[in-house]
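This one's a predicted model, so the numbers in the text were calculated from it and none came from an experiment. Every chain is numbered from 1 and lettered A, B, ... according to where its sequence line falls, protein lines coming before strand lines.
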Number of protein chains: 2
Amino acid sequence: MIRVLLAEDQAMVRGALSALLNLEPDIEVLGSAADGESAWRELQRLKPDVLVTDIEMPGLTGLEIAQRVRRHELPVKVVIVTTFARPGFLRRALDAGVGGYLLKDAPAENLADALRTVHRGGRAIDPQLALEAWSDADPLNDRERQVLRLAGEGHSASDIGTQLNLSHGTVRNYLSEAIGKLGAANRIEAYRLARQKGWL
Amino acid sequence: MIRVLLAEDQAMVRGALSALLNLEPDIEVLGSAADGESAWRELQRLKPDVLVTDIEMPGLTGLEIAQRVRRHELPVKVVIVTTFARPGFLRRALDAGVGGYLLKDAPAENLADALRTVHRGGRAIDPQLALEAWSDADPLNDRERQVLRLAGEGHSASDIGTQLNLSHGTVRNYLSEAIGKLGAANRIEAYRLARQKGWL
DNA sequence: ACCCCCGGGTGACGCTTGTCACATGCGCAC
DNA sequence: GTGCGCATGTGACAAGCGTCACCCGGGGGT
């Protein structure tokens, strides 16, 4: 019997996934959480075999939970189920030692199979995504990432400078670097590109 | 017996919702579709009582399907189930005469209840969203919307001018207007604001 | 015929962006 | 210490952006 904890912020999807998993005779959903913190608490309380979690959640993200699990060496497997086919996310998930990474685009039957595989100690990674993840790495450094993120939210260079204690000139230098590295025409395009790769 | 067709692009969510609805004794899921066009075809083939659809799908969006249903006077109720709490979307959905508009944030049990209500001829609209929808209307006109959308994708003014057969000066005028109307500081912020309201 | 509104355009203004070449200063290897 | 790399600044330039005041021409009222 595979004992599962479910973390997913959208209540309707959470309920539906729970119903789906409970149809499987060898799977039992112990409980579910709507945000990162409560998922983390329930994880320690219920001690499930497998945690099935989304990435984007209020509080802790699924990736952060996976990192904590690894740091505390909890005896639980983590399976990420997410909308985002972003190589950067998968990369970070693998670094955090997750057992599975599925897309919500994948057929529903895959989920139960993936849980079984992971429970046996195997790995269930979305195949075409796995390729991309190793193909191109994030070219941005920390400063460029920060600056680009702020810029993408509509802040001006001087604005960003104030927030990060940098001169507006420096901010523009970083932005220019980032734009160059990404082969974009301006900050907006650069932001979009970085975001869709999961480099944020 | 309520006969339901399900349209939702994420396979896993689609499967899960289907499992959820099939647990209800008075509900039967006839079939499901992964994109707008096939949903429209299945709608005519299966003639369900209720169509449960997401908004963001490849091809036709859920809103466009709802509009078509109204135009063709098909005897099917439409229930929108979406992630987006955007007043503009609800507004357009109501204009298209949908029977229900639920958020994926709502508890899973609501879905079956909403289907029953709508099947009886009632309406099931997310309450707090309903308030917002009537509070602030989209201040943008068509040109401003077009221009803002392109600008948000990273195109420059001259770029946009070429695409729409306008002078770059005119494009900047529209952009300026839009920025003003939305109380934003620049095109990026304006784009974000408009987007999150569902005015796109 | 008159006026006025509306979509589109022009030109000018000052500010912001994107780019680049060149400084400064700090820490680390040797 | 000398040298190198890295992070941060500076100053200049051209291009793009945001704003505004104003122009033009075609409909529609009245």
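Note on A/Thr170: a base of the nucleic acid sits closer than 4.0 angstrom, heavy atoms only. Residue B/Ser156 is classed as a sugar-phosphate contact, given heavy-atom separations below 4.0 Å to backbone atoms only. Nucleic acid contact for A/Asn186: sugar-phosphate only, since backbone atoms but no base atoms lie under 4.0 Å from a heavy atom of the residue. Using a 4.0 Å heavy-atom cutoff across all strands shown, B/Asp159 reaches no nucleic acid atom at all.
Not one side-chain nitrogen or oxygen of B/Tyr174 sits closer than 4.0 Å to the OP1 or OP2 atom of D/dG18. For C/dT10, the OP1/OP2 oxygens have a side-chain nitrogen or oxygen of B/Ser167 closer than 4.0 Å.
At least one donor-acceptor pair under 3.5 Å links the side chain of A/Lys181 to the backbone N or O of A/Pro139. The backbone N or O of A/Leu46 lies less than 3.5 Å from a partner atom in the side chain of A/Arg3, making a donor-acceptor pair. At distances below 3.5 Å, at least one donor-acceptor pair connects side-chain atoms of B/Thr117 with backbone N or O atoms of B/Asp113.
If you take NE2 of A/His155 and C1' of C/dT16, they are 16 Å apart, rounded to a whole angstrom. B/Lys181 has its NZ atom 16 Å from the P atom of D/dG18, to the nearest Å. Atom NE2 of A/His168 and atom C1' of C/dC15 are 12 Å apart (whole Å). The CD atom of B/Glu144 sits 14 Å away from the P atom of D/dG18 (whole-angstrom rounding). As rounded to whole Å, 14 Å separates atom P of D/dC22 from atom CG of B/Asn173. With rounding to whole Å, A/Arg187 atom CZ is found 11 Å from C/dT19 atom P. Rounded to a whole Å, the CZ atom of B/Arg172 is 12 Å from the P atom of C/dG11. If you measure from atom CG of A/Leu166 to atom P of D/dG9, you get 5 Å, rounded to the nearest angstrom.
For the atom pair CG (A/Asp54) and CD (A/Gln10), the distance works out to 7.5 Å, reported to the nearest 0.5 Å.
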(message) Would B/Asn186 and B/Glu189 count as a side chain to side chain donor-acceptor pair (under 3.5 Å) here? Give the steps.
(response) CA-CA 6 Å; B/Asn186 54 47; B/Glu189 201 183 333; 5.0 Å; no
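Each of A/Ile179 and B/Gly169 lies near DNA chain C, and the nucleotide nearest B/Gly169 is the one positioned closer to the 5' end.
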